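Before any comments, here is the structure.
Chain naming here is simple, since letters A, B, ... match the order of the sequence lines and numbering starts at 1 in each. This one's a predicted model, so the numbers in the text were calculated from it and none came from an experiment.
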Amino acid sequence: MIEKTISNIVAEAFNAIYSANLKPKDVLIQKTRKDFQGDYTINVFPFLKISREKPEITAGKIGEYLINKLPELKDYNVIKGFLNIVVSDQYWITFLNDHIADQMFGRRQASGENPTVIEYSSPNTNKPMHLGHIRNNLLGSSIAEILKAAGHDVVRVNLINDRGIHISKSMLAWQKWFIGITPSSENLKGDKLVGDCYVKFNEELKSQAEDLMRSGVEKGEAEKNAPLMLEAQEMLSKWENNDPGVRELWTKMNAWVYEGFEKTYKRLGVDFDKVYYESDTYLLGKSIVEEGLKQGILIEKEDGSVWADLSEEGLDEKLLLRADGTSVYMTQDLGTAQLRHDDYHPDKLLYVVGNEQNYHFDVLKIVLKRLGRKWAEDIVHVSYGMVELPHGKMKSREGTVVDADELMDEMYHSAEAMARELGKAADLNDNEASELFETISLGALKYFILRVDPKKNMLFNPEESIDFNGNTGPFIQYTYARIQSLLKKAEDNKMQANIDAFSGEIFPKEKEILKILYAFPATVREAAAELSPAIIANYSYELAREYNQFYQEINILRETDTEKAAFRLGLSLFTAKVIESGMKLLGIAVPQRM
RNA sequence: GGUCGCGUAGCUCAGCUGGAUAGAGCAACAGCCUUCUAAGCUGUCGGUCGCAGGUUCGAAUCCUGCCGCGAUCACCA
C-alpha cells in the first residue's frame, strides 16, 4: 500500500534530515481534501519540535526527499504545515491493470487459525420475527461475511430459545382456545399461529389480573397470581420434568414455528452453520451453576434460589436458579457459552445482541471468569442499537410491531409499483420481473438498515426506507446494472477493456474512482476490525456516486480514442466488480439490469 | 437514584485513533434526456457540531460539569 510506503519514507526522511527517531506509525497520512492539489497529505505540525523550523520549510524538505526517493510520486506542494503529495497517474493505472482480473481483490485467504464463532438471530419460539430481528439478522450475517473476507474462519450459529415461560404461555393458550387449529388448517405460517396464541394468552391474563385488581389485589401481585400465570408456571415445571403430554405439544408447536422461521430466513438471505437449542443446553448451564455453588463461588438463599454476588464488581446480585429449581436466561447462557467453547475453541465468541442486554453480558463474562473460564475474555458482545419507529419504540401491546414478513411484502410491492411506473419492467417476463422486484426491495431494506453505525439507535421510517433514490441500496444496484449494460454494448461493438495499451493523463474523476477502488481492501479490514457493515455500505455508496458522476460527464463507448475507451471500459468493469463485492458483504444482490 | 449510551442542516445519517473552509441523502427551489439506462447528473437554499469550562499551536473529535433523550438495575428473555 502506498500510504504505508509514504509513511516509511517520511519517517526515514525525518531521521535522515533531522537525526530524529521517528517510526512509520508516528506518521499520520490522510487523504488530501478535495479542494487542494494532491492525493495524500502529511501534516508536519506535530514534528516541528523535531525540525525546529517553520512548517513550510520542514514540509518542503520532506516533500523533496519523498519525490527523490519514490518514483511513483510525481509532485508535491506545501500550504502552511500541510504537505500535499501527488501520486503519478501511471501508479493508479498500473494498480488497475494489476487487479482487474483479481478475483480475490479485497479478500484474504482464510488464516487457518481458530475460528470466530458469531451468534445472531436468537429468536424465541413464541412469536414471529419483527423489525428488530431483521436488524439483528442482517448485522450478524453481514459481519460474518466481512470477517471471512478479512481472512477469519467463521462459524455462524443460531441459538433458538425454544423453552421457557413464554413458550408455555403460547402452549397453554393453544390448549385452551386453539385446540385442533394448525398452520395448514388456517393456511397460516406456523410462527404466526403460535404468535397469535401468545397474544391471546396475554389478553386473557390481563383480564384476569384486572378482575383480581377490582377485588383489591395490587397490580404486580395480580399478574403474578392470576390463575393463568400459575398454570403457565406449572406447565414449565412439567416441561422440565419431562411430562410426555407437555413435551409432545411443545415439539409440535415448535416445529410449526421452525417452518415459519425457515421461510423468513430464506427470504432474508440469512443462514447458519450450526443451530443450538436452549432445550439442549440449559441442563449444562444448571450443572455449571451447581459446580459454582460447590466451590462456594455462588450463594444459595433460604428459599433455595441461587445467586452470584457481584457487588465487588460494582454490580448487584444476580439470580442464576429460581427457588423452584428452574433455570433462567443467564443459566442457559452459561451453558451455551461453555458448549460453544468446547465445540470450537474459538478465538473470539461474538454475540450479536441488542444494547438493552449490555448488563447481561457484563454479568455473563464476570460469572464465567469467576468460575475459572479464562476464555470469558474472548466473549465480545456486538451490542447494537434499537430500531425506533417515527412514533417511538415498537410495542407489541400497542400493535406497533413491524412484522418481518409483512415488511418484506410491502417493500416488494413498492419496488414493483415504482418499476412499473418508470416502465422498467415492460419487457421482462413474470419470473424475471418478480426476481428483480425482490432484489431491489431487499436491497433497499438491507442497505437502509446496514448503513447506520450498528452501535447507534436508528429510526426506521417506512416511507424513507422504500425510497430508491439518493443514498440507498437501489441507487448502488442501479449503478451496477448501468455498467453491465455498458459492458454488454461494448461486447456488441467488439470493444474490449484493456489497460495495458493506455498510458497518458487521466481525468480527475477517473483518478478519484481509482483511489476509491484502491482503498477497498483497507476498507474491508477496517469494517472487520470495527465489526461494522456501515463502513462497507458508506464506501459502496461513495464509489457508486463517483462513478455516476464520471459516467455522466465523460464519454466511454463514444470516446473515439480506442485506447482511452478501452481504459474507461476497464475502469467501469472493475468498479462493477468492487460494487458487487461490497454489496455481497452486505448480503445484497445486484441485478444485471434494472 | 446508581450504571451505561446517545445529542452534527427541517428530517435521516457520515465524519469522531485531534488538523486546512464540518460532508452526503431526503425535503424545497432552478436546470439537464436527438447521444453509453433520468432509479441518473448539475446548481441554489440550509450548521452557535446540546450548553459551559478545560487540555492543545489546533477540538465536532480528548477530559470535566450541566441540560435533554434512551437503555438497564426482575424468581422476564
Would you classify Q357(A) as touching base, sugar-phosphate or nothing, given that sugar-phosphate means primed atoms plus P, OP1 and OP2, and contacts are heavy atoms under 4.0 Å?
base
State plainly whether the residues E416(A) and R420(A) are in salt-bridge range, i.e. N to O under 4.0 Å.
yes
Taking atom C1' in both C26(B) and G54(B), compute the distance separating them and give it to the nearest angstrom.
38 Å
Base of G40(B) and ring of Y478(A) stacked, centres under 5.5 Å, planes under 30°
no
Only pairs under 3.5 Å count here: list side-chain donor-acceptor contacts from residues 444-451 of chain A, not counting sequence neighbours, and write none if there are none.
residue : atom : partner : partner atom : Å
K446(A) : NZ   : L268(A) : O            : 2.8
K446(A) : NZ   : G587(A) : O            : 2.7
Y447(A) : OH   : N471(A) : OD1          : 2.6
Y447(A) : OH   : A537(A) : O            : 3.3

Rounding to an integer number of angstrom, what distance separates C51(B) and G7(B) when you compare their P atoms?
13 Å
Between the side-chain atoms of D467(A) and the base atoms of A27(B), is any donor-acceptor pair under 3.5 Å?
no
Applying a 4.0 Å non-hydrogen cut-off, can you work out what D333(A) is touching in the nucleic acid: base, sugar-phosphate, or nothing?
nothing
Taking atom P in both U64(B) and U55(B), what distance in whole Å separates the two?
15 Å
Find the distance F468(A):CZ to A27(B):P and express it as a whole number of Å.
14 Å
With rounding to the closest Å, how many angstrom separate the C1' atoms on G15(B) and A52(B)?
24 Å
Base, sugar-phosphate or nothing for A419(A)? Non-hydrogen atoms, less than 4.0 Å.
base
Is the base of C51(B) syn or anti, if syn means a glycosidic angle within 90° of 0?
anti
So does R568(A) pair up with E510(A), basic N to acidic O under 4.0 Å?
yes
Between I588(A) (CD1) and A39(B) (P), how many Å, whole number?
20 Å
Assess the pair F550(A) and Y547(A): is the distance between their ring centroids shorter than 6.0 Å?
yes
Specify the separation, in whole Å, of atom CZ of F550(A) and atom C1' of C36(B).
10 Å
Give one of base, sugar-phosphate or nothing for M458(A), where a contact means two heavy atoms less than 4.0 Å apart.
sugar-phosphate
Distance test, side-chain N/O of N469(A) to OP1/OP2 of G40(B), below 4.0 Å:
yes
In whole Å, I'd like the distance from the OH atom of Y547(A) to the P atom of C41(B).
13 Å
Taking atom types as modelled and ignoring hydrogens, do the side chains of N158(A) and Y276(A) form a donor-acceptor contact shorter than 3.5 angstrom?
no
How would you label the contact of I440(A) with the nucleic acid (heavy atoms, under 4.0 Å): base, sugar-phosphate, or nothing?
base
May I have the distance from F47(A) (atom CZ) to G18(B) (atom C1'), rounded to whole angstrom?
13 Å
Using a 4.0 Å heavy-atom cut-off across all strands, classify K455(A) as base, sugar-phosphate, or nothing.
nothing
Check step by step if side-chain hydrogen bond (donor to acceptor under 3.5 Å, both in side chains) holds for T32(A) and D39(A).
CA-CA 5 Å; T32(A) 303; D39(A) 300 310; over 6 Å; no
Which part of the nucleic acid does L310(A) contact within heavy-atom distance under 4.0 Å: base, sugar-phosphate only, or nothing?
nothing
Between R482(A) and A39(B), does any side-chain N or O lie under 4.0 Å from OP1 or OP2?
no
Touch class at under 4.0 angstrom, heavy-atom based, for A490(A) against every strand present
nothing
Mate of G18(B) across any strand shown (Watson-Crick or G-U wobble, both atom pairs under 3.5 Å) is none
Check the distance between A38(B)'s P and M594(A)'s CE and give it to me in whole angstrom.
12 Å
Just to be sure I understand the rule, does Y329(A) reach a base, reach only the sugar-phosphate, or reach nothing, if contact means heavy atoms closer than 4.0 Å?
base
Paired nucleotide for U34(B) [Watson-Crick or G-U wobble; both distances under 3.5 Å]
none
The side chain of Y551(A) lies closest to which of these nucleotides: C36(B), A14(B), G19(B)?
C36(B)
Rounded to whole angstrom, note down the P distance from A38(B) over to C33(B).
12 Å
For C26(B), the nucleotide meeting Watson-Crick or G-U wobble distances (both under 3.5 Å) is G10(B)
With heavy atoms under 4.0 Å as the rule, sort R451(A) into base, sugar-phosphate or nothing.
base
Determine which nucleotide pairs with C66(B), using a 3.5 Å limit on both distances of a Watson-Crick or G-U wobble pair.
G50(B)
Within the structure, does a side-chain N or O atom of Q549(A) lie under 4.0 Å from either OP1 or OP2 of U42(B)?
yes
Once salt bridge (Lys or Arg N to Asp or Glu O under 4.0 Å) is applied, do any residues pair with K509(A), and if so which ones, sequence neighbours excluded?
E546(A)
Using only side-chain N and O atoms of K489(A), determine if any of them is under 4.0 Å from OP1 or OP2 of U37(B).
yes
Would you say a side-chain N or O of R33(A) is under 4.0 Å from OP1 or OP2 of G23(B)?
yes
Side-chain donor/acceptor contact of T472(A) with base of A39(B) under 3.5 Å:
no
If you compare every side-chain N and O of K456(A) against the phosphate oxygens of A14(B) (OP1, OP2), does one of them come in below 4.0 Å?
yes
Between K301(A) and E317(A), is there a salt bridge with N-O shorter than 4.0 Å?
yes
Checking all strands, does N548(A) fall into the base, sugar-phosphate, or nothing category for heavy-atom contacts under 4.0 angstrom?
sugar-phosphate
Please confirm whether the shortest side-chain N or O distance from R322(A) to OP1 or OP2 of C76(B) is below 4.0 Å.
yes
Side-chain donor-acceptor contact under 3.5 Å, D162(A) with N254(A):
no
Whom does U3(B) pair with, Watson-Crick or G-U wobble, provided both distances fall under 3.5 Å?
A71(B)
Using a cut-off of 4.0 Å on non-hydrogen atoms, how would the nucleic acid contact of N461(A) be classed: base, sugar-phosphate, or nothing?
nothing
Determine the Euclidean distance between corresponding P atoms of A24(B) and A71(B); express it in Å to zero decimal places.
34 Å
Just checking S383(A): base, sugar-phosphate only, or nothing, at a heavy-atom cut-off of under 4.0 Å?
nothing
May I ask you to evaluate whether Y359(A) reaches the phosphate of U3(B), defined as a side-chain N or O under 4.0 Å from OP1 or OP2?
no
Span that lies between the P atom of G10(B) and that of G46(B), in whole angstrom:
11 Å
Using the P atom as the point on both nucleotides, what is the distance between G23(B) and G19(B), in whole Å?
14 Å
Using a cut-off of 4.0 Å on non-hydrogen atoms, how would the nucleic acid contact of F475(A) be classed: base, sugar-phosphate, or nothing?
sugar-phosphate
Do we see a donor-acceptor contact under 3.5 Å between the side chains of N548(A) and T479(A)?
yes
For atom CG of N538(A) and atom C1' of C13(B), their distance in whole Å:
8 Å
From A24(B), A71(B), U35(B), pick the nucleotide closest to the side chain of Y541(A)?
A24(B)
Could you check which nucleotide pairs with A39(B) in any of the strands shown, counting Watson-Crick or G-U wobble with both distances under 3.5 Å?
none
Value in whole Å for how far the P atom of C11(B) lies from CG of L389(A)
18 Å
Does C45(B) have a Watson-Crick or wobble partner in any strand here, with both distances under 3.5 angstrom, and which is it?
none
Can F36(A) be classed as stacking with the base of A20(B), given a centroid separation cut-off of 5.5 Å and a plane angle cut-off of 30°?
yes
